[in-house]
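Note sheet for the following structure.
Chain letters run A, B, ... following the sequence lines, proteins first, then strands; residues in each count from 1.
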Protein chains: 2
Amino acid sequence: MTIEEEIKQKTFASPHHKVVVNLIYTNNWLVNRHADALKPFGLSIQQYNVLRILRGQHPNAITVNAIIDRMLDKMSNASRLVDKLVVKELVNRVECPKDRRAVDVSITEKGLDLLAEIDRHSGEWQADIVERLSDEEAEQLSGLLDKIRSTESVDCDGNPVES
Amino acid sequence: MTIEEEIKQKTFASPHHKVVVNLIYTNNWLVNRHADALKPFGLSIQQYNVLRILRGQHPNAITVNAIIDRMLDKMSNASRLVDKLVVKELVNRVECPKDRRAVDVSITEKGLDLLAEIDRHSGEWQADIVERLSDEEAEQLSGLLDKIRSTESVDCDGNPVES
DNA sequence: CAACATTAAATGTATATACATTGTATCGAT
DNA sequence: ATCGATACAATGTATATACATTTAATGTTG
């Protein structure tokens, strides 16, 4: 179904307005599918993403701030998110010896096992997307998304500036 | 910035994995900008979307279920969302005469005025996107997003294919 | 028309989230 | 070394959300 059919709107003010609506709609569709897929494993999407970030660093630990840096949505309470994972024994949290304000978070064996288990099943929900887009289309789509976010503004030194 | 730079991840397992991450990341970026833009007007994104749906029907009223149908994220408690808008006097809610289980919701003059006010300022936050993508790129992006969600086969233009 | 199923919306409740604030620790300038 | 500024994580609190249940009205079937 096209976005027009999905939300029962016949026309949009512009292709740009349509693409904004489509992005939000498609993301919700994706997030709902993802959340459903993770439910049997007792993880929220955010918890899953944090675990993946920690696996990427394994066997090293990283601080909460570093986790936020790498998260898809920089949430304000990553601290409580880590709490939940600690309770489930999927991650370890220890005071950072270098800087006692910070904490070092790392994934446990149990956490790695859970991710491996999820990986084994996750092909199923991502497979559809893999089938529908060719590699080229996927790259093209990523490129267009990058472009939407790109800010061409430069500061007084000529360096790119975030808006 | 490319998605790789944004979340400090050097490589992805596949273009398809990358596109999923990029979609979620870009949507969060977009939603945050949108929410910031609406904050001065005291509306959440969801409230804003409901108001726009109601403006699309004006001067007719539609039921809560019809609103949910047209929402970008079909949330379970549209009822409470309408509540908030009623309190702000942006919408009216009256028992539907045809079916007394249902309620007819319609936008008020005050609601229309607020949307018009927002429209006058909203060019600012959407302008960036308009500048960055050409009309063709925007259409192309919408087509790729439709394709991701499609459950049936589609051809290279995103049109359904008979099997 | 009586009994049951279905539908629309509202509500109860546990959890999640945003936002502001707090408690320490570290840094930097004097 | 001391004072103030900044940084990291945790916490308090109001609000938002998902999910299940409830209430009331309508459909359906025998």
Side-chain angles (χ1 to χ4, degrees), chain A residues 24 27-40 42-50 53-54 61-88 91-106, chain B residues 24 27-40 42-50 53-54 61-88 91-106:
Chain A
I24 295 172
N27 179 70
N28 287 327
W29 175 86
L30 196 64
V31 161
N32 288 335
R33 285 169 62 94
H34 201 168
D36 286 348
L38 288 174
K39 199 163 292 176
L43 287 182
S44 71
I45 296 180
Q46 313 246 29
Q47 290 172 355
Y48 173 72
N49 283 336
V50 168
I53 289 166
L54 290 172
I62 59 174
T63 66
V64 171
N65 262 356
I67 293 174
I68 293 173
D69 254 10
R70 290 168 170 75
M71 284 179 76
L72 298 184
D73 54 342
K74 326 290 189 194
M75 55 188 302
S76 43
N77 59 343
S79 175
R80 268 183 275 231
L81 204 50
V82 169
D83 266 353
K84 308 236 170 66
L85 295 172
V86 169
V87 170
K88 292 179 191 174
V91 309
N92 287 319
R93 180 175 47 189
V94 298
E95 188 180 83
C96 176
K98 299 279 182 187
D99 181 342
R100 285 171 45 217
R101 288 170 304 184
V103 294
D104 273 340
V105 184
S106 57
Chain B
I24 295 171
N27 179 71
N28 287 327
W29 175 88
L30 196 64
V31 161
N32 288 335
R33 285 169 62 95
H34 201 168
D36 286 348
L38 288 173
K39 198 165 293 175
L43 288 182
S44 71
I45 296 180
Q46 312 247 29
Q47 291 172 355
Y48 173 72
N49 284 336
V50 168
I53 289 166
L54 291 173
I62 59 173
T63 65
V64 171
N65 262 355
I67 293 174
I68 293 173
D69 253 11
R70 290 167 170 75
M71 286 180 74
L72 298 183
D73 54 341
K74 325 290 188 193
M75 54 187 304
S76 42
N77 59 342
S79 173
R80 268 183 275 231
L81 204 49
V82 170
D83 265 354
K84 307 235 171 67
L85 296 172
V86 169
V87 170
K88 293 178 190 173
V91 309
N92 287 319
R93 180 175 46 190
V94 297
E95 188 179 83
C96 176
K98 299 279 184 188
D99 181 342
R100 285 170 46 217
R101 288 170 303 184
V103 294
D104 272 341
V105 184
S106 57

Can you tell me how far [atom2] of [N] sits from [atom1] of [X], to the nearest Å?
X     : N      : atom1 : atom2 : answer
B/N77 : D/dC19 : CG    : C1'   : 10 Å
A/L43 : C/dT15 : CG    : P     : 16 Å
A/E95 : D/dA7  : CD    : C1'   : 15 Å
A/Q46 : C/dA16 : CD    : P     : 10 Å
B/K88 : D/dT15 : NZ    : P     : 12 Å
B/I62 : C/dA8  : CD1   : P     : 14 Å
B/R80 : D/dC19 : CZ    : P     : 14 Å
A/K98 : C/dT24 : NZ    : C1'   : 20 Å

Using a heavy-atom cut-off of 4.0 Å across all strands, would you classify [X] as base, sugar-phosphate, or nothing?
X     : value
B/T63 : sugar-phosphate
B/D99 : sugar-phosphate
B/K84 : sugar-phosphate

Counting side-chain heavy atoms from C-beta on, which of [options] comes nearest to [X]?
X      : options                : answer
B/M75  : C/dA10, C/dA18, D/dA18 : D/dA18
B/K39  : C/dC19, C/dT7, C/dA25  : C/dC19
B/V64  : D/dT11, D/dT17, C/dA9  : C/dA9
A/R100 : C/dT11, C/dA25, C/dT6  : C/dA25

Notebook entry, point to check: Between A/A102 and A/D36, which is nearer to the 5' end of DNA chain D once each is assigned its nearest nucleotide?
Noted result: A/A102
Next item on the list: Find which nucleotide of DNA chain D each of A/I68 and A/N32 is nearest to by heavy atoms, and output the residue with the more 5' nucleotide.
Entry: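 By nearest-heavy-atom nucleotide position, the 5'-most residue is A/I68.
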Next item on the list: Give the intermediate values and the outcome of side-chain contact (heavy atoms from CB on, under 4.5 Å) for residues A/V103 and A/T63.
Entry: CA-CA 5 Å; A/V103 294; A/T63 66; 5.8 Å; no
Next item on the list: Considering non-hydrogen atoms only, spot the tightest contact between A/L54 and A/V105 and give its length.
Entry: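 Result for this residue pair: CD2-O, 3.6 Å.
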Next item on the list: Would you kindly compare B/A78 and A/D73 by the position of their nearest DNA chain C nucleotide and give the one closer to the 5′ end?
Entry: B/A78
Notebook entry, point to check: Mapping A/P97 and A/L81 to their closest nucleotides on DNA chain C, which lands nearer the 5' end?
Noted result: A/L81
Is [X] close enough to [N] that one of its side-chain N or O atoms is under 4.0 Å from OP1 or OP2 there?
X      : N      : answer
A/R101 : C/dT22 : no
B/S79  : C/dA10 : yes
B/N65  : C/dA9  : yes

Check: Quick one: does A/M71's side chain get under 4.5 Å of A/I53's, heavy atoms only?
Finding: yes
Note to self: Any side-chain to backbone donor/acceptor pair from A/R33 onto A/W29? Under 3.5 Å, distance only.
What the structure shows: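 Not confirmed, A/R33 side chain does not pair with A/W29 backbone.
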Next item on the list: To the nearest 0.5 Å, tell me how far B/D104 CG sits from B/E95 CD.
Entry: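 Result: 9.5 Å between the selected atoms.
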Margin query: Distance check, rounded to the nearest 0.5 Å: A/N32 atom CG versus B/K74 atom NZ?
Written below: 10.5 Å
